[in-house]
J.: 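Just dropping this structure here.
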There are 2 protein chains.
Amino acid sequence: MSVQERKQRERAERERLILATARELAEESGWDAVTTRRLAERIEYSQPVLYSHFRGKREIIGAVALQGAAELAVALRAATSAADGPRARVTALARGYLDFATRNPAVYDALFQLDGGLAYAQEDTPEPLKDGFAALLETLGEVAGDGVHPALFTEVFWASLHGLATLTRAGRLLPEDAESRVELLVDRLAVV
Amino acid sequence: MSVQERKQRERAERERLILATARELAEESGWDAVTTRRLAERIEYSQPVLYSHFRGKREIIGAVALQGAAELAVALRAATSAADGPRARVTALARGYLDFATRNPAVYDALFQLDGGLAYAQEDTPEPLKDGFAALLETLGEVAGDGVHPALFTEVFWASLHGLATLTRAGRLLPEDAESRVELLVDRLAVV
DNA sequence: ACTTGATTCTAGCATTGCTAGACAACCAAG
DNA sequence: CTTGGTTGTCTAGCAATGCTAGAATCAAGT
């Protein structure tokens with residue numbers, strides 16, 4: 001048995017290596033640069049090995065997205081926990097979210113821009129994704145306002161953040177006024 | 001001279017054909033399906049002809065994006081002109097925007113998701129893009145609220161709409177509650 | 001030592017964006 | 001009409017992509 005166990009361990013280790021390398025490559029030069037050949041070369045295996053772990057490139061993106069969702073949830077909870085009062089928590093949440101998108105553009109792309117073959121907003125949505133949304137909901141639910149469904153409010157707030165994040169990163173919005181935009185958004189949307 | 005003029009006309013006509021076909025193909029099966037080979041075949045010319053009109057695929061996307069920007073501006077002005085009062089105009093604007101994104105997903109992608117090699121939010125930004133933003137500003141400037149820069153407010157509102165549009169289309173938000181989200185957004189962001 | 005079964009690699013397919021160089025069509029001058 | 005040159009278009013090909021079939025290799029158990 002121990003032989004098989006060792007093999008399984010090694011296999012799991014290699015899978016981690018693949019994902020870490022894919023992410024590294026993507027953050028370095030974008031997901032377009034993550035070709036199966038380059039990835040295979042970096043992990044010092046041949047291409048077909050990748051396909052023994054993942055169905056294809058899409059599934060690799062999906063796996064990175066799941067990692068990212070978990071990290072995003074952690075980052076959001078860390079950001080809000082330091083703040084006092086609902087209003088301050090929402091501001092911290094917004095800043096934390098945009099910060100995450102700026103600092104991990106490739107992971108953010110995997111999560112919300114690219115096709116990783118994941119199911120969103122459904123029953124079979126993977127746990128990390130649900131938890132990411134839950135992290136948003138925890139803080140935003142407090143400021144949804146009377147008669148407004150917390151989940152609906154969270155969706156709208158999230159969409160706004162997402163819009164700011166993507167438009168800024170795509171050069172459609174200048175980064176200078178990022179902070180003013182966040183303040184305006186929180187001021188208007190959150191009911192305190 | 002008339003010979004040259006005819007040739008120029010024919011050339012311009014063919015350029016229109018290329019763009020219309022690219023757009024058609026993109027709306028049919030997404031921009032990934034718009035390959036230079038398929039495009040060339042549809043217009044019944046060989047691939048290199050495309051490169052005598054555009055530097056490459058990116059520039060074709062950019063050209064479609066410019067068309068789209070002009071159409072979006074028209075659509076937004078048409079939507080708002082029928083509404084009475086600032087509040088109704090903003091609602092109409094939001095609906096019109098999301099409608100445009102839903103009805104022309106490929107064009108919307110060319111405009112705001114893909115790289116068409118265009119400059120945004122700068123001096124050398126092409127006129128149609130500036131005008132698209134202007135169309136938003138005309139209606140949103142009215143409801144920015146005291147002490148809030150109209151352009152800043154427009155950016156935030158636009159980002160929210162963009163977030164709703166992209167997340168919905170990518171399956172990250174369910175389309176059922178689209179209308180509720182718009183109402184909530186307008187209610188909170190617009191100062192009437 | 002040998003066989004068997006899993007694992008990994010080499011080599012290749014079809015498709016992509018893009019381009020060089022051959023070829024043909026056309027127009028102006030003789 | 002013929003010729004010469006320009007302009008335009010096409011054929012053929014490159015390197016890179018995602019993915020896969022089948023050969024080669026390695027390790028485990030007898």
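Values below: all heavy atoms of this structure, side chains included; hydrogens, waters and symmetry mates excluded. In what follows, chains are A, B, ... by sequence order, proteins preceding strands, each numbered from 1.
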J.: For the side chain of Ser46(B), starting at C-beta, report the closest nucleotide among dC9(C), dC19(D), dT11(D).
T.: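 So the side chain of Ser46(B) is nearest to dT11(D).
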J.: Taking 4.0 angstrom as the limit, do Lys130(B) and Asp124(B) come out as a salt bridge?
T.: no
J.: Can you tell me which nucleotide in dT17(D), dG13(D), dC10(D) comes closest to the side chain of Arg37(B)?
T.: dG13(D)
J.: Can a side chain N or O of Thr36(A) be found less than 4.0 Å away from OP1 or OP2 on dC19(D)?
T.: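 Checking dC19(D) against Thr36(A), no side-chain N or O comes under 4.0 Å of OP1 or OP2.
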J.: Among the nucleotides dT9(D), dT17(D), dT8(C), which one has an atom lying closest to any side-chain atom of Thr35(A)?
T.: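 So the nucleotide nearest the side chain must be dT17(D).
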J.: Answer yes or no on whether Arg14(B) is positioned over the face of Tyr45(B), meaning its NZ or CZ is under 6.0 Å from the six-membered ring centre and within 45° of the axis.
T.: yes
J.: Taking 4.0 Å as the cut-off, does a side-chain nitrogen or oxygen of Arg38(B) come that near to OP1 or OP2 on dT15(C)?
T.: no
J.: How far does CG of Leu129(B) sit from CZ of Arg172(A), to the nearest 0.5 angstrom?
T.: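 Here the interatomic distance stands at 8.5 Å.
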J.: Ignoring hydrogens and angles, are the base of dC18(C) and the side chain of Gln47(B) linked by a donor-acceptor pair under 3.5 Å?
T.: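 Pair found.
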J.: Would you say Arg14(A) places a side-chain N or O within less than 4.0 Å of OP1 or OP2 belonging to dT7(C)?
T.: no
J.: Would you say that more than 12 heavy atoms from the other residues, nucleotides or ligands in this model lie under 6.0 Å from the CG of Asp146(A), or not?
T.: no
J.: Of the nucleotides dT8(C), dC18(C), dT20(D), which one has an atom closest to the side chain of Pro48(A)?
T.: dT20(D)
